[in-house]
Amino acid sequence: MPKLKINGTEVEVENGTSILQAAEQVGYEIPRFCYHDRLSVPANCRMCLVEVKGAPKPVASCAMAVGDGMEVETESDVVKKARRGVMEMLLINHPLDCPICDQGGECDLQDQAMGYGFDRSRYRESKRAVPNKDLGPLIKTIMTRCIQCTRCVRFGEEVAGTPELGLLNRGEDVEIGTFIEKAVSTELSGNMIDICPVGALTNKPYAYKARPWELTKTETVDVHNGLGSNIRVDSRGGEVMRVLPRLHEDVNEEWIDDRTRFSYDGLKKRRLDRPYMRNAKGKLEECSWEDALTLCAERLQKVPASKIGMRAGGLCVVEDLVAFKDLAEALNVKHISAVPHGMLLSTASRGHYIMNSGIAGVEDADAILIIGFNPKQDAALLNARIRKTWLKKRLPIAVIGQDIDLGYPCEFLGTNLKEIDKISTAKSGFAKEFKSADKPLILLGSEALQHKDGEDIHKATAALAEKIGVIGKDNNWNGFNVVHAHAATTAALDMGLASDFDLKKSEVVYLLNADSKVLETISKDAFVIYQGHHGDRGAHRADVILPGSAFTEKDFLLVNTEGRVQLGKRAVFAPGQAKEDWKILRALSEKLDKTFAYSSHYELRERIYKDFPDYRNVDVLPQSSWVTPSSKGKIGNVDIKVDTDGFYLANSICRASDTMHQCYEEFVLKPLNEKAA
């Protein structure tokens with residue numbers, strides 16, 4: 001490993017380390033605009049210039065690898081003069097509109113101009129103006145501010161897999177834009193806003209709403225999919241103003257998808273903020289908590305337990321599910337589920353229903369088989385991991401289910417899940433490469449398990465994994481992964497809340513944040529209790545509405561699709577008379593004369609830890625033992641179908657969001673209409 005001196009400090013680093021990275025290891029800051037840790041190195045901003053002994057002029061530290069015996073100065077007079085010159089050039093055409101720029105207060109250009117720039121400009125000519133680009137409903141552009149760092153271009157090409165932005169023209173006329181005027185159509189487009197070092201790309205829904213120093217910042221976890229992305233919720237007063245990613249290398253790196261980032265406006269629309277009961281005329285009218293809970297208790301006690309159906313939705317957190325389960329046990333109700341309707345799979349071992357390799361473990365794979373789901377929609381950041389792995393290794397990837405562009409080349413094996421059985425017997429093509437791989441990986445989507453053959457499909461996939469060495473080929477490798485699309489599913493399976501029952505036969509139905517289309521099957525004569533935070537499908541069918549709180553309005557535990565327990569924090573308070581869901585369920589238990597043993601959040605957590613001691617280990621990737629399924633399973637003639645709501649209207653928060661509806665029209669309906677025309 002080479003040794004070098006940086007500002008007189010000797011350091012030893014790995015081969016291939018750049019001067020900029022070596023300086024950071026020692027603690028010396030080098031300014032940069034174009035360089036980003038997760039993107040390729042273009043070396044075009046020249047802000048990171050340093051002086052290297054023996055070199056005729058300053059060199060770009062981001063692009064030059066260290067050499068043994070190299071001596072580097074990062075704060076010499078030559079370097080300072082060079083940086084001032086670069087900053088002066090960058091600001092030649094910049095509009096200097098910091099007072100009205102949404103990037104103000106958290107702008108790299110602003111900070112570095114103060115720290116490394118010159119205190120005046122010698123430029124007297126007219127500034128160049130660049131027309132703004134329409135990149136869709138999410139990204140606001142002020143292209144005159146752009147310094148052509150190309151971070152957004154490289155992000156689209158390398159991370160998102162959608163090379164829609166590029167550098168146009170040459171010399172003074174150079175600008176960034178789309179080659180053909182269109183919106184940036186990637187589920188990760190909002191990350192371009194984060195990596196833009198100036199105010200050229202900003203958050204369109206957030207434009208002119210607040211300044212960063214006005215906001216209260218809360219670190220929490222996202223519930224819009226099963227990955228459990230780490231996020232920061234910025235709020236002012238009782239309103240969520242924006243959502244930003246939080247660094248977590250093993251889960252979401254430093255990215256989040258657009259649904260997580262932009263659906264926050266749905267948190268303040270269509271909200272249920274007081275209890276309602278349906279009157280004799282069939283209309284919902286406001287009532288007191290006392291009346292609502294009393295009526296619920298009466299109806300639940302009136303019918304036998306076998307006639308009660310309880311279903312929880314995908315946005316529920318651990319505390320909600322535990323209290324929901326406790327209520328079911330108090331009433332002796334067996335028909336309770338918190339997994340997607342129709343999902344059937346073996347739960348003999350926890351390793352049967354989690355991502356055993358972990359999300360980051362995808363990068364260790366050398367062959368990947370994707371079964372029965374669309375990773376771009378169900379787990380966009382997992383899809384970015386797969387693309388990252390493909391760029392690094394050019395590994396073979398195959399898909400059973402949907403023939404769609406995932407952002408990397410993959411072999412389409414068919415829509416029928418019988419193709420799973422064919423892989424074990426095939427001797428050529430992808431099957432041959434998959435069997436010979438050292439670390440093969442299977443990603444089984446929850447969509448493939450949501451019908452009568454779900455358990456057989458799960459067992460057949462597990463049998464395939466055992467047969468070809470996905471499990472046990474390496475003692476440290478288990479490549480069998482089930483990818484859940486919903487935040488609640490893994491915890492629900494841990495708790496055994498996965499019974500399969502028909503809502504049509506239930507006389508009383510209790511819905512906890514359940515808003516899926518399966519609710520349309522509820523009998524017209526059934527009495528429906530809906531507990532949730534949005535006036536969505538469940539609330540429309542309800543006879544009693546109990547207003548709950550959204551994930552930004554409570555402290556909670558969440559178990560992601562890896563089985564990793566994560567901690568969420570409350571950012572704002574619930575509106576009106578809405579309460580935390582576990583508190584509502586506890587109050588109802590009192591009305592039923594079956595009062596829960598806990599009355600505070602601390603006591604509830606202790607009750608959770610008693611039944612699930614592993615939940616104490618927050619942010620630890622669990623190691624689950626593997627148990628061979630009881631049978632190999634026999635797959636029927638099953639084709640995978642796609643939910644028409646797709647990515648942007650996946651849950652009640654998204655369906656209440658104007659921004660998500662705009663995205664749905666732009667990225668889903670518009671292409672369909674153009675294709676039909």
Side-chain angles (χ1 to χ4, degrees), residues 219-223 225-230 248-252 312 314-326 328-329 336-339 343 345-362 379 382 444 446 458 462 471-472 475-499 551 554-569 581-582 596-598 600-629:
E219 295 184 348
T220 187
V221 183
D222 175 52
V223 301
N225 57 41
L227 300 184
S229 298
N230 285 229
H248 195 305
E249 293 289 355
D250 293 335
V251 178
N252 58 299
L315 297 178
C316 293
V317 297
V318 171
E319 286 85 348
D320 304 343
L321 295 175
V322 168
F324 201 51
K325 182 183 180 184
D326 287 348
E329 290 177 349
I336 176 172
S337 179
V339 299
M343 176 184 278
L345 75 168
S346 167
T347 56
S349 164
R350 201 177 194 225
H352 289 176
Y353 57 82
I354 65 170
M355 278 194 72
N356 292 286
S357 70
I359 296 169
V362 170
L382 176 62
L444 175 62
S446 56
H458 182 266
I471 303 163
N475 290 332
N476 297 320
W477 180 252
N478 184 341
F480 180 81
N481 298 305
V482 177
V483 183
H484 297 297
H486 303 290
T489 306
T490 306
L493 291 168
D494 284 344
M495 298 174 196
L497 304 181
S499 66
F551 74 103
K554 54 190 171 186
D555 296 323
F556 62 89
L557 294 173
L558 184 79
V559 186
N560 75 351
T561 192
E562 304 171 293
R564 184 192 301 266
V565 178
Q566 299 194 93
L567 199 61
K569 295 286 188 180
D581 290 298
W582 75 266
F596 296 162
Y598 45 85
S600 68
H601 195 261
Y602 172 79
E603 292 174 350
L604 173 57
R605 282 274 174 91
E606 288 302 311
R607 180 256 181 277
I608 293 170
Y609 297 149
K610 182 180 178 181
D611 284 3
F612 307 98
D614 289 343
Y615 283 14
R616 288 184 183 273
N617 303 321
V618 174
D619 202 23
V620 175
L621 183 66
Q623 298 297 321
S624 299
S625 58
W626 179 262
V627 176
T628 300

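Heads up: numbering here begins at 1 and tracks the sequence.
Under the 4.5 Å side-chain criterion, counting only non-hydrogen atoms from C-beta, H486 is not in contact with M343. Between W626 and F480, some side-chain heavy-atom pair lies under the 4.5 Å cut-off. Counting heavy atoms from C-beta outward, H601 and E319 have side chains that approach closer than 4.5 Å. Using a 4.5 Å heavy-atom threshold, the side chains of I359 and N560 count as touching. Looking at D614 and V565, their side chains never come closer than 4.5 Å, going by heavy atoms from C-beta outward.
Residue pairs that meet the salt bridge (charged side-chain N to carboxylate O under 4.0 Å, His left out) test with at least one member in residues 477-488, sequence neighbours left out, do not exist here. Residue pairs satisfying the salt bridge (charged side-chain N to carboxylate O under 4.0 Å, His left out) criterion with at least one member in residues 477-491, sequence neighbours excluded, are absent. Screening residues 476-491 for salt bridge (charged side-chain N to carboxylate O under 4.0 Å, His left out), with sequence neighbours left out, gives no hits.
Of all heavy-atom pairs between P622 and G563, the closest is CG-O, 3.4 Å.
Remark: A379 engages L227, L382, V483 in a side-chain contact (heavy atoms from CB on, under 4.5 Å) (not counting sequence neighbours). Qualifying side-chain contact (heavy atoms from CB on, under 4.5 Å) partners for E219, counting only residues two or more places apart in sequence or in other chains: R246. Looking at residues two or more places apart in sequence or on another chain, you find no ring pair (Phe, Tyr, Trp, His ring centres under 6.0 Å) involving F556.
Between Y615 and F612, the ring planes lie parallel to each other; the angle is under 30°, not in the 30° to 60° tilted range.
One finds the CZ atom of R564 at 5.0 Å from the CG atom of D250 (value rounded to the nearest 0.5 Å).
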